[in-house]
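In what follows, chains carry the letters A, B, and so on, assigned in the order in which the sequence lines appear, proteins first and then strands, with residues in each chain numbered from 1.
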Protein chains: 2
Amino acid sequence: MRIGTLAERLRTTPHAIRFYERRGLLPVPQRADNRYRSYTEQDAERLRLLVGLRQLDLPLEQAAALAGMCTAGHCEQVSEELREAISQKREELRRRIDELQFLDRRLAHLAGQLGSGETPQAVITLGKEERDV
Amino acid sequence: MRIGTLAERLRTTPHAIRFYERRGLLPVPQRADNRYRSYTEQDAERLRLLVGLRQLDLPLEQAAALAGMCTAGHCEQVSEELREAISQKREELRRRIDELQFLDRRLAHLAGQLGSGETPQAVITLGKEERDV
DNA sequence: CTTGACATTGGAGCCGCTCTAGGGTTTAGC
DNA sequence: GCTAAACCCTAGAGCGGCTCCAATGTCAAG
Ligand SMILES: [Zn+2]
Ligand SMILES: [Zn+2]
Ligand SMILES: [Zn+2]
Ligand SMILES: [Zn+2]
């Protein structure tokens, strides 16, 4: 299978696949006579795992490592590490969501102040730094 | 005032300030005899606005542009543009928060499946691509 | 005088792609 | 057989917004 076909099947792009390869995150595939990359079903399966793990927003290196292990049959260990990674990611998500919601409330408040005639300087307070130093 | 002092007052770093300057987002400050950057209160005020706007997570270029305009006295217009930018940013935030919450639910579901003995491959479904093509 | 904190410059590194330039190859229709 | 579209190749730049590094210069306190 050629790179475009593989990319389409996994809803990614040839660029991304080549990028993973350059980074050493995927086994170097065979080449046809015309130098086109030629992927097996096993290659595809491994990449499918990698892409799937990336969609969980795991760091690329970790996603690639887990995909490699799993393909090599260490599914138990992958399962373990994955549970751990998921729990960490969920904590990170909770923090991030809180941040974004906080920012949203701040923006709502600001919009209100601007609407009632406050100047930008007055509104972008930042605490007028010097006061609390 | 030197760059370190200014950075501390605005809770940013000398690196960041020089970075803004290199990007042409801040007026080039005067230099002392020793070639150290020397900032006036007006410089500080302008940077304060920039930093404040960045904390609202406006794009750097836009934050810098608004800070410049405001410093130049076009506060009305800034106020207008800022309201618009805030409303757009809030939409973006809503979308982003939805995404993150969706991912969080997915992760929770996955953790459950892994806990009840499913293999990673089975769980990182991705729809087993071929089916819906 | 020495030590340490501060300043200077230019440039690399982070993340994970995405896109471009400048080629070569395959494929479908006519 | 020919042409045009769509694919493939490589190497490298670019994105945002800093952060950090190296190598060097400057200055205040003890
Ligand atoms: Zn496995
Ligand atoms: Zn208020
Ligand atoms: Zn103003
Ligand atoms: Zn289910």
#### Entry: Integer-rounded Å distance: dT19(D) P and I3(B) CD1
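I3(B) atom CD1 is separated from dT19(D) atom P by 13 Å.
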
### Query
Is the phosphate of dC9(D), meaning OP1 or OP2, less than 4.0 Å from a side-chain N or O of R37(A)?
yes

### Query
Does CD in E61(A) sit with more than 12 non-hydrogen atoms of other residues, nucleotides or ligands closer than 6.0 Å?
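Atom CD in E61(A) is not crowded, with 12 or fewer foreign heavy atoms closer than 6.0 Å.
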
### Message
It should be established whether N34(A) places a side-chain nitrogen or oxygen under 4.0 Å from OP1 or OP2 of nucleotide dC8(D).
### Response
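No, N34(A) has no side-chain N/O under 4.0 Å of OP1/OP2 on dC8(D).
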
### Message
Quiz question: going by heavy-atom distance under 3.5 Å, is there a donor-acceptor pair between the base of dG17(D) and the side chain of Y20(B)?
### Response
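Check fails, no donor-acceptor contact within cut-off.
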
### Message
Whole angstroms only, please: what is the OH-C1' distance between Y39(B) and dT8(C)?
### Response
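Between C1' of dT8(C) and OH of Y39(B): 12 Å.
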
### Query
For the pair made of CG in D33(B) and P in dG25(D), what is the distance, rounded to whole Å?
18 Å

### Task
Select from F19(B) and R2(B) the residue whose nearest nucleotide in DNA chain D is closer to the 5' end of that strand.
F19(B)

### Comparing R22(A) and R35(A) on DNA chain D - which has the more 5′ nearest nucleotide
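Nearest nucleotide further toward 5': that of R35(A).
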
### Query
In whole angstroms, how far is the P atom of dC8(D) from the CE atom of M1(A)?
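So the CE-P distance, M1(A) to dC8(D), works out to 12 Å.
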
### Query
Are I17(A) and T12(A) close enough that some pair of their side-chain heavy atoms sits under 4.5 Å apart?
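I17(A) vs T12(A): side chains touch.
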
### Task
Report the nucleotide, chosen from dC20(D), dC8(D), dG17(D), that has the shortest atom-to-atom distance to any side-chain atom of H15(B).
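The nucleotide sitting nearest to the side chain is dC20(D).
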
### Message
If the cut-off is 4.0 Å, is R23(B) near the phosphate of dG16(D), judged by side-chain N/O to OP1 or OP2?
### Response
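R23(B) to dG16(D) OP1/OP2: no side-chain N or O under 4.0 Å.
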
#### Entry: Integer-rounded Å distance: dC17(C) C1' and L60(A) CG
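Taking atom C1' of dC17(C) as the reference, CG of L60(A) is at 9 Å.
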
#### Entry: Side-chain donor or acceptor of R54(A) paired with backbone N/O of L58(A) under 3.5 Å
yes

### Task
Looking only at side-chain atoms of Y36(B), point me to the closest of dT18(C), dC17(C), dG25(D).
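The listed nucleotide nearest to Y36(B)'s side chain is dG25(D).
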
Please tabulate, one pair per line, all N/O donor-acceptor pairs under 3.5 Å involving side-chain atoms of residues 62-87 of chain A, not counting sequence neighbours.
unit_1: T71(A); atom_1: OG1; unit_2: A67(A); atom_2: O; d: 2.7
unit_1: Q77(A); atom_1: NE2; unit_2: E81(A); atom_2: OE2; d: 3.4
unit_1: R83(A); atom_1: NH1; unit_2: L114(B); atom_2: O; d: 3.1
unit_1: E84(A); atom_1: OE2; unit_2: Q88(A); atom_2: NE2; d: 3.0

### Under-4.0 Å side-chain N/O to phosphate OP1/OP2 contact, R31(A) with dT10(D)
yes

#### Entry: Whether D43(B) side chain and T40(B) backbone form a donor-acceptor pair below 3.5 Å
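Looks like yes, one N/O pair under 3.5 Å.
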
### Task
Using atom CG of L50(B) as one end and atom C1' of dG16(D) as the other, report the distance to the nearest whole Å.
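Rounding to the nearest Å, CG of L50(B) and C1' of dG16(D) are 14 Å apart.
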
### Query
When you match R18(B) and T12(A) each to their closest nucleotide on DNA chain C, which lands nearer the 5' end?
R18(B)

#### Entry: Integer-rounded Å distance: dG16(C) C1' and I17(A) CD1
15 Å

### Task
Rounded to the nearest angstrom, tell me the gap between atom CD in E61(A) and atom C1' in dG13(C).
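Result: 14 Å.
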
